[in-house]
Q: 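First the structure, then my questions, so here it is.
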Amino acid sequence: MPDDVNGLKAKLVTHHDYVRRHGEDMPEVLDWRWKR
């Protein structure tokens, strides 16, 4: 479980940096849709 938490925290940092550079969400977030 700690590895999962660390992985999620790292992804948040990556996402934050991406948004700061590009002004929008990462493509994997921007294009995300709920599955039916």
Side-chain angles (χ1 to χ4, degrees):
M1 178 135 160
D3 288 338
D4 294 337
V5 172
N6 289 334
L8 291 173
K9 287 181 180 180
K11 192 63 169 182
L12 284 172
V13 171
T14 301
H15 181 260
H16 180 267
D17 293 343
Y18 185 94
V19 170
R20 291 286 184 191
R21 275 192 304 260
H22 301 280
E24 64 183 17
D25 282 330
M26 297 171 73
E28 64 195 68
V29 175
L30 189 63
D31 297 333
W32 185 85
R33 299 286 182 260
W34 284 102
K35 293 182 181 176
R36 290 183 176 228

Q: Does any part of the side chain of Met26, heavy atoms only, come nearer than 4.5 Å to the side chain of Val19, both counted from C-beta?
A: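 The answer is no; the side chains never approach within 4.5 Å.
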
Q: Please identify each residue that fulfils side-chain hydrogen bond (donor to acceptor under 3.5 Å, both in side chains) with His15, with sequence neighbours left out.
A: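 For His15, the residues satisfying side-chain hydrogen bond (donor to acceptor under 3.5 Å, both in side chains) (neighbours in sequence not counted) are Asp25.
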
Q: Name all pairs fulfilling the side chain to side chain donor-acceptor pair (under 3.5 Å) condition that reach into residues 27-36, sequence neighbours left out, sorted by first residue then second.
A: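 Non-adjacent pairs meeting side chain to side chain donor-acceptor pair (under 3.5 Å): Lys11-Glu28.
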
Q: Among all residues two or more places apart in sequence or in another chain, which pass the side-chain hydrogen bond (donor to acceptor under 3.5 Å, both in side chains) test with Glu24?
A: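 Testing Glu24 for side-chain hydrogen bond (donor to acceptor under 3.5 Å, both in side chains), a comparison that skips the adjacent residues, returns none.
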
